[in-house]
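In what follows, every chain begins at residue 1, and chains take the letters A, B, ... in the order their sequences are listed. Since this is a predicted model, take the numbers as computed values, not measurements. FYI, side chains are in, hydrogens and waters are out, and symmetry mates aren't considered; it's all heavy atoms of this structure.
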Amino acid sequence: MNFVEELRWRGLLHDMIPGTEELLSKEKVAAYIGFDPTAESLHIGSMVQIILLMHLQRHGHTPIALVGGATGMIGDPSFKSEERKMLSEESLQKNVAGIEGQLRKFIDFDKGAELVNNYDWFKDFSMLGFLREVGKHISVNYMMAKDSVKKRLETGISFTEFSYQLIQGYDFYWLWKNKNAKLQLGGSDQWGNIVTGTELIRRIAGGEAFALTVPLVTKADGSKFGKTEQGNVWLDAKLTIPYQFYQFWLNTSDEDAEKYIKIFTFLDQATIEALIEEHRVNPAARNLQKRLGQEITVLVHGEEEYQAAIAATAILFGSGTREQLEAMSENTLLQVFESVPRFSVDLNLLKAGVNILDLLAVNTQVFESKGDARKMIQQNALSINKEKYADAAGMLTESALIAQKYMLIQKGKKNYYLINFS
RNA sequence: GGGGAGAUAGCCAAGUGGCCAACGGCAACAGACUGUAAAUCUGUCCUCUUCGGAGUUCGAAGGUUCGAAUCCUUCUCUCCCCA
């Protein structure tokens with residue numbers, strides 16, 4: 001099975017320039033994807049792009065990962081309804097460094113693969129030079145006709161953002177010329193920018209280049225993929241702890257799980273089909289979600305963190321009781337809850353007896369305010385140490401402690417917090 | 001340049017002097033049911049609260065009034081028609 005066939009059955013193929021498949025089947029190709037340094041870490045939306053490069057490498061082609069140190073200074077207007085805020089150069093540098101570090105975890109840059117930053121070839125490119133060498137080849141009419149900027153032509157777009165596709169187009173030209181990159185990959189929203197690049201390559205050098213895009217990952221219920229109540233799901237363990245990361249995948253709907261297991265894992269077709277079949281017979285077991293969570297958590301955070309995440313899951317969502325919590329050693333307890341958000345509170349506060357509302361809304365931020373806490377408690381949404389707690393006027397003392405120093409707070413069914421008294 | 005319509009909470013949207021912290025819908029959060037799912041039902045949903053209330057809202061600033069989302073003045077912005 002070749003690269004394109006692989007993408008096709010996995011549902012990772014959206015569009016290609018004619019000839020792309022032939023090119024990939026007859027030679028080993030260097031192909032690139034750009035990553036925007038909009039944050040210090042990539043999130044699971046970018047995971048699709050990373051996996052694409054990994055597939056590419058597995059099929060013997062050469063991946064080039066580009067971090068947009070230059071393009072990040074401009075801001076991609078594609079399908080955005082508003083002008084973007086410019087990032088400071090300082091945070092941009094931090095973001096570039098963060099993203100480069102993450103990419104190294106997934107792609108083996110020793111085997112001919114490259115990690116580049118377009119700032120390197122733009123930093124000494126003069127404005128006049130750019131206008132004469134690049135701008136002259138592409139007409140404004142051509143640039144305005146793109147779907148990706150159409151909306152913005154009505155509501156307003158700065159010259160800076162409008163020039164974005166030209167900058168990205170030049171990246172492609174530069175990599176084509178200097179790194180022999182004949183193909184650019186990207187999300188379907190990048191089609192317009194990529195094609196500006198192939199056009200530029202043809203007009204400047206009479207060369208031929210290709211494009212391949214992957215579909216946007218969607219959810220069956222129409223809401224945005226990759227978001228939870230807590231916000232984005234990041235690849236950085238400090239921003240989204242592995243337990244929450246695993247939980248995100250475990251919570252995917254049946255319909256989405258069938259789609260995601262093909263996109264986000266490297267399991268072969270027979271294995272995946274068997275898993276889907278099994279899941280359809282017994283959806284309640286959620287083996288599909290569990291396997292999906294396992295594969296991608298191991299890929300992103302490693303086996304150890306995955307084990308910790310399922311251990312925590314088993315305790316938190318299994319038939320855990322206060323007795324079981326009490327029976328755990330402090331070490332086990334800490335390991336299990338390593339990945340649960342935690343707060344530290346002075347033990348003396350508890351010794352003196354503390355009001356439940358104060359503890360959860362003032363001394364810690366489990367709830368936003370005392371009013372919020374009271375309402376939640378009245379709605380029966382609070383558990384302490386796996387036991388429902390319904391008294392909004394209640395006082396807590398040392399008797400509520402586990403292992404003499406911990407208290408496990410549960411807001412609703414899924415939100416856990418550990419308070420550490422010392 | 002002339003004429004008209006409009007701006008209400010995260011979004012859509014009702015409200016034209018007191019009964020308005022503002023109908024309804026969506027989204028969100030919680031409860032029940034379940035599989036940590038979907039669908040359904042129930043509750044919450046400006047902020048704080050000792051749950052009695054208190055404070056700040058209806059594009060902005062002034063004004064009228066005992067009382068203004070609602071009336072008047074000026075300003076800002078959006079849309080439509082004509083030129």
**OP:** Scan for salt bridge (Lys or Arg N to Asp or Glu O under 4.0 Å) pairs involving residues 5-14 of chain A, sequence neighbours excluded, and state none if there are none.
**Re:** A:E6-A:R10, A:R8-A:E21
**OP:** Just call it for A:T313: base, sugar-phosphate, or nothing, with non-hydrogen atoms closer than 4.0 Å on any strand.
**Re:** base
**OP:** Using only heavy-atom distances, decide whether a donor-acceptor pair under 3.5 angstrom links the side-chain of A:K290 to the base of B:rU36.
**Re:** no
**OP:** Please check if atom CD in A:E398 has more than 12 non-hydrogen atoms from other residues, nucleotides or ligands closer than 6.0 Å.
**Re:** yes
Subject >> ring pair (Phe, Tyr, Trp, His ring centres under 6.0 Å) partners of residues 282-311 of chain A, not counting sequence neighbours, each pair once >> reply: A:F245-A:H301, A:Y246-A:Y306
**OP:** For B:rC33, take OP1 and OP2 only and decide whether either is under 4.0 Å from a side-chain N or O of A:K413.
**Re:** no
**OP:** Name every residue in residues 278-286 of chain A that has at least one heavy atom under 4.0 Å from any atom of RNA chain B, in order of residue number, or write none if there are no such residues.
**Re:** A:P283, A:A284, A:R286
Original post:
Got a sec? Which of residues 354-368 of chain A come in under 4.0 Å of RNA chain B, heavy atoms?
Top reply: none
**OP:** Taking only heavy atoms on the protein side, list every residue of residues 371-384 of chain A lying under 4.0 Å from any atom of RNA chain B, sorted numerically.
**Re:** A:G371, A:R374, A:K375, A:M376, A:Q379, A:N380, A:A381
I'd like a table of donor-acceptor pairs (distance under 3.5 Å, sequence neighbours excluded) in which one partner is a side-chain atom from residues 103-110 of chain A, with atom names and distances.
| from | atom 1 | to | atom 2 | distance (Å) |
| --- | --- | --- | --- | --- |
| A:K105 | NZ | A:V300 | O | 3.0 |
| A:D108 | OD1 | A:D110 | N | 3.1 |

Original post:
When you match A:K370 and A:Q289 each to their closest nucleotide on RNA chain B, which lands nearer the 5' end?
Top reply: A:Q289
Subject >> Proximity to the side chain of A:S369 - top-ranked nucleotide from B:rU36, B:rU49, B:rA30 >> reply: B:rU49
